[in-house]
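These figures come from a predicted structure and were not determined experimentally.
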Amino acid sequence: FEAAGSTASKVLGAAADNAEAKALLDQVVEERRAKEDFKAAQADVEAGRQMTPGTPMLAASIGKSFVAATVLALGHEGRLGLDDPVSSWLGDRSWYDAVPNHAAITVRQLLNHTSGLSDFTDAPDWLMSLYTNPTRVWGMEEYFLETIEPAYFEKGTDWSFSTSGYLLLRMLIEEVS
């Protein structure tokens, strides 16, 4: 999110402006520094291998909170509207027409998982690639060009978790910022 850094910094900075929150964060950092052998889990339970600061970890969906906060901050700044079509920012990209429901998906529908988009993590090709080539670095467009499946439902008519929708939001943030 380098392009969205200033907005993200404002969102995170707002939390740091709270003196009580800052004091708590400072305390956690100091307690962490005071413990020479801090471990919360094992990297490999069967092998008994402990986690280290360099142990890679899957972040899972925690990033969605930061994406949503940044999108909402951009909305608060008047740089986008929650009911704006995503195509306003991404519609000129060569791959965008392949996205189901592409013409009318709104920012709000991506945020609340009602866009109908499939979740690329359910795509068999993506899962196979993950297992056979775990070090592959995927470009953002590749997720859509190689893993997109038909819409699960017409936009706004149902709910289904969609990491793909949050990838679109990430690209939207970069475009708007």
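Through chains of ILVMFWY side-chain contacts below 4.5 Å, Trp159 is grouped with Phe161. Val137 shares a hydrophobic cluster with no other residue; no ILVMFWY side chain has heavy atoms under 4.5 Å from its own.
A salt bridge between Arg79 and Glu175 is absent, with no side-chain N of the basic residue lying under 4.0 Å from a carboxylate O of the acidic one.
The closest side-chain heavy-atom distance from Thr163 to Lys64 is below 4.5 Å.
Evaluation of the salt bridge (Lys or Arg N to Asp or Glu O under 4.0 Å) test over residues 100-118, restricted to residues two or more places apart or in two chains, returns Asp83-Arg108.
Legend: residues meeting side chain to side chain contact (heavy atoms under 4.5 Å, CB included) with Asp92, ordered by chain and number and at least two apart, are absent. For Thr157, the side chain to side chain contact (heavy atoms under 4.5 Å, CB included) criterion is met by Phe153, Glu154, not counting sequence neighbours. Partners of Asp122 under the side-chain hydrogen bond (donor to acceptor under 3.5 Å, both in side chains) rule, at least two apart in sequence or in another chain, are Tyr152. Residues that satisfy the side-chain hydrogen bond (donor to acceptor under 3.5 Å, both in side chains) test with Thr121, not counting sequence neighbours, are Asp119. Residues satisfying the side-chain hydrogen bond (donor to acceptor under 3.5 Å, both in side chains) test with Glu142, not counting sequence neighbours, are Arg136. Listed by chain and number, the residues in a side-chain hydrogen bond (donor to acceptor under 3.5 Å, both in side chains) with Lys155 amount to none (sequence neighbours excluded). Scored by the side chain to side chain contact (heavy atoms under 4.5 Å, CB included) test, Leu167 finds Phe120, Met140, Tyr143, Phe144 as partners (sequence neighbours excluded). With sequence neighbours left out, Ala68 forms a side chain to side chain contact (heavy atoms under 4.5 Å, CB included) with Leu111, Tyr166.
Exactly one residue among Asn112, Leu72, Thr106 makes a side-chain contact (heavy atoms from CB on, under 4.5 Å) with Leu82. That residue is Leu72.
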